[in-house]
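Quick notes on the structure that follows.
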Amino acid sequence: MSKPRLVVTRRLPAQVETELAERFEVLPNAQDSLLSSADIVDRVRTHRADALLVTLTERLDADFFAALPDHVRVVCTYSVGTNHLDIDAARAKGVALAFTPEAVTEATADVALLLLLAACRRAHEFQAMLREGRWGAWNAWDNLGWDPGGQVLGLVGMGRIGQAVARRARAFGMVIHYFQRNRLDESKEQGATYHASLESLFRVSRFVSLHTPTTPQTKGFINAASLSWLKPGAIFVNTARGDQVVDDALIAALKDGTLAAAGLDVFAGEPRFDHRYLGLPNAYLLPHIGTSTEQTRIRMGRDALTNLCAFFDNRSMPWPL
Ligand code: DGY
């Protein structure tokens with residue numbers, strides 16, 4: 001029996017590419033170039049693809065789905081984030097969609113804790129001090145950060161990643177509060193305190209970490225108004241998506257002391273980002289490395305493959321959208 005035909009838009013870990021090729025007739029992107037929507041449609045047409053495997057660097061909007069040839073029956077994204085996909089347009093076109101949410105959980109939660117600890121122990125400032133030869137004699141009163149232990153960590157979104165962050169933060173003695181639309185059952189809450197609004201959560205939190213998808217409700221919801229609800233000297237962490245934050249407001253809060261520090265792995269418009277962050281000593285910045293471990297990137301690929309195999313075997317995909 002002939003293999004289904006698959007277009008893959010970016011290079012993936014070698015093991016994943018090998019496993020994909022065992023099950024699919026793959027058209028890879030050997031140069032790993034960034035493809036426009038028109039490039040992807042061209043490749044799909046040339047390869048007469050039945051399926052498409054994309055990453056967060058491609059933009060699959062309503063125009064893309066309108067132009068997509070009908071022989072493509074399923075699109076899987078190698079990500080938990082879906083803000084690059086127009087899900088409604090895919091559904092209207094009758095294209096099945098899937099993603100890889102489970103694979104990313106632990107690595108992303110690790111980075112949230114890395115950012116949280118780096119921010120509250122002022123790692124960026126002290127790293128620069130050491131590297132620039134400004135390390136003076138030890139003293140008891142200067143260069144102080146803040147303990148996470150005993151502090152309220154407000155999790156915005158308590159899905160898989162939020163819960164994994166909560167597990168780690170409890171080991172540091174943090175007290176977990178969370179906000180999302182629906183309250184979790186007690187077995188998932190593990191003693192965390194639920195808030196029915198962002199304002200209620202922010203008013204009690206010393207630390208805040210975002211774990212929400214970008215939706216019309218969350219786009220730009222970290223803004224001057226919501227930041228003003230935080231206690232003075234709060235610490236903000238973002239491993240979700242940059243477009244949920246209004247950069248002007250976050251930068252102003254980091255400058256005027258509303259926030260003591262921030263740890264950011266994601267930025268609006270990345271890899272371009274607002275370079276004013278570079279001038280802020282209290283901002284600890286990473287280039288979207290939440291899932292960047294060998295094991296996680298392989299697992300993401302295998303989960304994508306599992307979705308696609310299930311689709312072509314007429315079984316339910318484990319992670320549909
Ligand atoms: C995701 O899976 O959406 C991550 O942001 C990719 O690193």
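Read the numbers this way: they start at 1 and go in the same order the structure lists the ligands and their atoms. Predicted model only: the values in this text are computed from it and were never measured.
Between the side chain of N238 and the backbone N or O of L264, no donor-acceptor pair lies under 3.5 Å. Here the side chain of T105 pairs no donor or acceptor atom with the backbone of I161 at under 3.5 angstrom. Looking only at distances, a side-chain donor or acceptor of D265 sits under 3.5 Å from a matching main-chain atom of G290.
Annotation: atom 6 (C) of ligand 1 to nearest protein heavy atom, L56 CD2, 3.4 Å. From the protein, the heavy atom lying nearest to atom 7 (O) of ligand 1 is T291 OG1, 2.8 Å. The protein atom (non-hydrogen) at minimum distance from atom 4 (C) of ligand 1 is H288 NE2, 3.7 Å.
With a heavy-atom cut-off of 4.0 Å, V104 touches ligand 1 through its side chain alone. Contact annotation for T100 and ligand 1: no heavy atom of the residue comes within less than 4.0 Å of the ligand. Only side-chain heavy atoms of R241 come within less than 4.0 Å of ligand 1; its backbone N, CA, C and O stay farther off.
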Quiz item: Which is it for H195 and R203 under the side chain to side chain contact (heavy atoms under 4.5 Å, CB included) test, yes or no, and what are the steps along the way?
Solution: CA-CA 10 Å; H195 294 256; R203 291 212 182 271; over 6 Å; no
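Ring centroids of Y277 and H275 are separated by 6.0 Å or more, keeping the two rings apart.
Considering each of T105, D265, V80, the one bringing a non-hydrogen atom nearest atom 1 (C) of ligand 1 is V80.
Other residues, nucleotides and ligands contribute over 12 non-hydrogen atoms within 6.0 Å of the CG atom of D256.
An N or O contact shorter than 3.5 Å is missing between M300 and ligand 1 by distance.
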